[in-house]
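For reference, the structure is listed below as C-alpha cells.
Everything quoted here is computed from the prediction, not taken from an experiment. Letters go in sequence order (proteins before strands), and every chain restarts at 1.
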Number of protein chains: 2
Amino acid sequence: MFSKSCEYAIKVMAFIAFRQAKSKELIGLDPISEAIDSPKAFTAKILQQLTKAELLKSVRGRTGGFYLDQNREIVIADIVRAIDGSKILDGCLLGFGECQDENPCVLHHQIKKERSSLKNRLNSTDIYTIAKRVSRKKAYFKE
Amino acid sequence: MFSKSCEYAIKVMAFIAFRQAKSKELIGLDPISEAIDSPKAFTAKILQQLTKAELLKSVRGRTGGFYLDQNREIVIADIVRAIDGSKILDGCLLGFGECQDENPCVLHHQIKKERSSLKNRLNSTDIYTIAKRVSRKKAYFKE
DNA sequence: GGATTTAAGGATATTTATATCTTTTATATA
DNA sequence: TATATAAAAGATATAAATATCCTTAAATCC
C-alpha cells in the first residue's frame, strides 16, 4: 500500500517523537536507522525529504542531528503525503485522473466509504500518540 | 495502492463479465484492451496470469478468446490476490513479517478496523454486480 | 586554524514493475 | 492440407523504486 520509503518515514517520525519525549537531545542518523531497522544510506535520503517537507528539523555538524518542532501536530497522513504524494490517499484506485461521483471508475462507489474511513484515520492519528503507545510497549518499531 | 497490473486486471474481469452478460461470444484481447484503455501487449500478459490463476478461461486459435465460468462467483479480492498477492490485503503496512496483536507495528492497532473493512468490502464485491452497474451507466471502464 | 563529526547533495548501482516484440502452439475454416 | 487467427510463451526494452557511495557544506572542539 505505502512505498518502502513511506514505511521507513513513518517509523522515523514515530521514533523521533518517542525519543524526544524522553530526552531533548538531537538524534542522529545512526541511532535512527538502527532503531527502526532500515538501511542507513537510504534512510538518510528519507530524512532529507522529511526535512525539506518541513516535517522535521535538522542541524548539521558535530552535535547535529534531527528533531521535531513540538508545537506542530503531525499526523500519519502528513508523512504519507510528503513521501508518496497525495494520490495515494485521494487518487482513483483504478488510475482515473478525475474519478468523481459522476463518471466514476468501477470501484469508486463500491469502496468510497472504506477509503474515506482509512483516510480519516490517517488524518487523525498523530505521531505523539503513537510514541506514547511505544513507551507503554504496546507497539514496536521493529520485529 | 494496487499495482498497475492489478488495476488493469480488475477492469479486464469486470469488462468480460459485462460483455458476457450481453452475448455469450468469446472476447478477444483487442476489444478488451480497447475497452479498458490499456496497452495491448501488457494486457495480454495479465490475461495470461488471470487464466493461469483460473479466474478466467481461454480458447486458442480462430474464434478463440476469453470467457468466464459463470458458475463461479469472483470477487475483487480474488483478482487482487492473484495479481498482487495476499500481502497487499493481509500483510503489515510497515513491512513486518509477523505483525500480530502482540508485537504489532506502530500502525497495527491504529488502522486495524479500517483495513479490515476495506478487505471485507473487496471480499464481498463481485464482478457481476459491478458489470450490472456498468450496464446501468453508473460506472465506467475508462475516462 | 585544523581536525572531527554530522547532515546535504550528487552520482551511480541494483532491483522490480511496466511495457513491447517475436516466436510457438492450438483451433477453425477454406 | 494449407492458411488464417488468436492465445501462450519467451526474450528484450524502458522506467521507476530501492539502495549505496562519494563529495561537499556546516558546526563543534581542540
DNA chain D: 5'-proximal contact among Arg60(A) and Cys6(A) (nearest heavy atom): Cys6(A)

Centroid separation Phe96(A) to Tyr140(B) less than 6.0 Å: no

Distance, rounded to the nearest Å, where Tyr67(B) contributes OH and dT27(C) contributes P: 11 Å

Residue mapping more 5' on DNA chain C - nearest nucleotide basis, Lys45(A) or Lys4(B): Lys45(A)

Atom-to-atom span, CD1 of Ile46(A) to P of dG9(C) - whole angstrom: 16 Å

Nearest-neighbour nucleotide for the Ala41(B) side chain, dA7(C), dC21(C), dT29(C) considered: dC21(C)

Main-chain N/O of Asp90(A) paired to Lys119(A) side chain as donor or acceptor, under 3.5 Å: no

N or O in side chain of Ser5(A) less than 4.0 angstrom from dT18(D) OP1/OP2: yes

Atom-to-atom span, CD of Gln49(A) to C1' of dA17(D) - whole angstrom: 11 Å

5'-most by nearest nucleotide on DNA chain D - Gly64(A) or Ser3(A): Ser3(A)

Any Tyr8(A) side-chain nitrogen or oxygen under 4.0 Å from OP1 or OP2 of dT18(D): no

Between dG9(C) (P) and Leu50(A) (CG): distance, integer Å: 14 Å

Separation of atom CG in Leu26(B) from atom P in dA8(D), rounded to whole Å: 12 Å

Closest to the Arg62(A) side chain, choosing from dT3(D), dA8(C), dT4(C): dT4(C)

Residue-phosphate contact under 4.0 Å: Ser58(A) side-chain N/O, dA8(C) OP1/OP2: yes

Nearest-nucleotide pick for Phe42(A), side chain only, options being dG9(C), dA19(D), dT18(C): dA19(D)

Between Arg115(A) and Asn120(A), a side-chain donor and acceptor under 3.5 Å: no

Donor-acceptor contact below 3.5 Å, side chain Glu73(A) vs main chain Asp126(A): no

Closest nucleotide among dA7(C), dG10(D), dA7(D) to the Leu29(A) side chain: dA7(C)

Sugar-phosphate, base or nothing in reach of Leu47(A), heavy atoms under 4.0 Å: nothing

Nearest-neighbour nucleotide for the Lys52(B) side chain, dA19(C), dA9(D), dC29(D) considered: dA9(D)

Spacing between Phe2(A) atom CZ and dA17(D) atom C1', to the nearest angstrom: 17 Å

Rounded distance (Å) that lies between atom P of dA8(C) and atom CD of Glu54(A): 13 Å

Check: Gln48(B) side chain, dA9(D) base, donor-acceptor under 3.5 Å: yes

Step-by-step salt bridge (Lys or Arg N to Asp or Glu O under 4.0 Å) determination, Glu102(B) to Lys138(A): CA-CA 8 Å; Glu102(B) 322 79 52; Lys138(A) 303 211 165 191; over 6 Å; no

Rounded interatomic separation in angstrom, taking NZ from Lys40(A) and P from dA7(C): 9 Å

